[in-house]
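Below is one structure, written out as structure tokens; comments come after it.
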Amino acid sequence: MPELPEAETIARGLHAAIAGQRVQRVRVHREEVVEPMTPAAFRRALTGRRVQSVSRRAKWIVASLDDGARWVTQLRMTGRFTWNPPSALRTEPHLSISLLLDGTQGGGVLRFYDIRRFGRVWVLDPAGWSALDARLGIEPLSREFSRRSLAGLLDGSRAPLRNVLLDQKRVAGLGNVYANEACYLAQLDPRRLAQDLDESEIERLHRAIKTVLRSAVERRGTSFSDYRDILGGEGEFQNDLEVYGRSGEPCRRCGGAIARIVLAGRSAFFCPGCQH
DNA sequence: CCCCTCACCTGATCGC
DNA sequence: TGCGATCAGGTGAGGG
């Protein structure tokens, strides 16, 4: 389940692998991955372009191209990149896109796989990129993400805290794993209405979001099921999970059993003993 | 506007 | 053994 730390790890790996290289060939194996673009338009926009840099915005991978366009990828549930030495482009199960890149370091083949086919890959002009960027909320690891800004995002919301943390228009980049982990770290019940948090609870939540995301980035993400980096490596944060996927297991703080409930159709995990 | 539910997908797992 | 039901969750559309 790629969230911010997984996207960050992939973006860093891609930057190291392909920054400065030129796109020689593009194959779109499954048309829906570029919708609403057509495969022909996607190939045209990417072929011959030099990749200047690769970074991350929320859960999106963003590559800047030498003509000012952005090549963006939304991994959704099972999207995955692989980077391998140059070879002929071939079809494979679950393979959505293949790119042949060439550069001074020899180039290679970048492949995008997506078992569940939710992922999307587009090339956006500056206006298209601005529109996408504008509908995403604040970056939780940025300087701008202050206690005050978090308070503003929670204010007036009658939704459960866990649901608000999943809303990409407010804080961008948290998914179900890190939203639940942040609530645990802040010792806040995920069912609490966002608008009911007091000043000190917001301060705890703010610190918890930063802490959990920073350590997950440091650990190269959570390989709970499908997630791998571009060289096939697993993250390590699954060993640090306190509540996600641990229903019935003992809380490492109080020893009580971790509970699982459903909020807005998604599992929420928490410790009834120490989250209030 | 706000919040919730559902659909989109496939593979893993579970019960019979 | 096989088969159907269920579950996993990021996101956008639609509805109350």
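Every chain is numbered from 1 and lettered A, B, ... according to where its sequence line falls, protein lines coming before strand lines.
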Provide the closest heavy-atom pair for A/L89 versus A/R27 in the form atom of the first, atom of the second, distance. O-NH1, 3.1 Å
Could you check how far CG of A/D167 sits from C1' of C/dT11, rounded to whole Å? 11 Å
Joining Ile, Leu, Val, Met, Phe, Trp and Tyr whenever any side-chain heavy atoms lie under 4.5 Å apart, the cluster holding A/L263 also takes in A/I261, A/F270
Less than 4.5 Å apart, side chain to side chain, heavy atoms only: is that true for A/R56 and A/V62? no
Divergence of helical axes at both termini of the helix from B/dC2-C/dG16 to B/dC16-C/dG2 - five pairs an end, 10° steps: 50°
I'd like to know whether A/D66 forms a salt bridge (charged side-chain N to carboxylate O under 4.0 Å, His left out) with A/R22, so could you lay out the CA-CA distance, the side-chain angles of the two residues, the decisive distance to 0.1 Å, and finally the verdict. CA-CA 9 Å; A/D66 59 356; A/R22 197 171 293 278; 3.5 Å; yes
Whole-Å gap separating C1' (C/dT11) and CG (A/L75): 13 Å
Mind checking what makes side chain to side chain donor-acceptor pair (under 3.5 Å) contact with A/Y184, not counting sequence neighbours? none
Could you list the protein-to-nucleotides 3-5 of chain C atom pairs, N/O on both sides, closer than 3.5 Å?
none

OP1 or OP2 of C/dA8 under 4.0 Å from side-chain N/O of A/S267: yes
Could you work out, with salt bridge (charged side-chain N to carboxylate O under 4.0 Å, His left out) as the rule, every residue matching A/R70, not counting sequence neighbours? none
Spacing between A/D114 atom CG and B/dC9 atom C1', to the nearest angstrom: 9 Å
Quick one: closest heavy-atom pair of A/G79 and A/P2, and the distance? O-CG, 4.4 Å
For nucleotides 2-7 of chain B, give me one character per nucleotide, 5' to 3': B if any protein heavy atom sits under 4.0 Å from the base, S if the only such contacts are to the sugar-phosphate, - if neither. -SSS-B
Using distance only, find each side-chain donor-acceptor pair of residues 126-135 of chain A under 3.5 Å and give its atom names and separation, not counting sequence neighbours.
unit_1, atom_1, unit_2, atom_2, d
A/S130, OG, A/P126, O, 3.1
A/D133, OD1, A/R57, NE, 2.5

For a quick test of reading the model, state the closest non-hydrogen atom pair linking A/H29 to A/T91 and the distance between them. ND1-CG2, 3.6 Å
Flag side-chain contact, heavy atom, 4.5 Å: A/N84 against A/R111: yes
Between the protein and nucleotides 12-16 of chain C, which nitrogen or oxygen pairs come in under 3.5 angstrom?
unit_1, atom_1, unit_2, atom_2, d
C/dG12, OP1, A/R135, NH2, 2.5

Considering residues at least two apart in sequence or located in another chain, which fulfil the side chain to side chain donor-acceptor pair (under 3.5 Å) criterion with A/Q21? none
Would you mind reading off the distance between A/W122 atom CH2 and C/dT11 atom P, rounded to a whole angstrom? 11 Å
Would you say that A/L110 contacts A/I97 through its side chain, given a criterion of any heavy-atom pair below 4.5 Å between the two side chains? no
With sequence neighbours excluded, tell me which residues meet side-chain contact (heavy atoms from CB on, under 4.5 Å) with A/R30. A/E32, A/H94, A/S96, A/D114, A/R117
Who else is in A/I115's hydrophobic cluster (ILVMFWY, side-chain heavy atoms under 4.5 Å, direct or via others)? none
Which heavy-atom pair separates A/N180 from A/V243 by the least distance, and what is that distance? O-CG2, 3.7 Å
List every contact pair, protein side and nucleotides 10-13 of chain B side both N or O, where the distance is under 3.5 Å.
unit_1, atom_1, unit_2, atom_2, d
B/dT10, OP1, A/R117, NE, 3.2
B/dT10, OP1, A/R117, NH2, 2.4
B/dG11, OP1, A/H94, NE2, 3.1

Kindly determine whether A/R192 and A/D189 satisfy salt bridge (charged side-chain N to carboxylate O under 4.0 Å, His left out), including the steps that lead there. CA-CA 6 Å; A/R192 289 277 300 282; A/D189 188 316; over 6 Å; no
Provide, to the nearest angstrom, the distance between the CG atom belonging to A/N180 and the C1' atom belonging to C/dA8. 13 Å
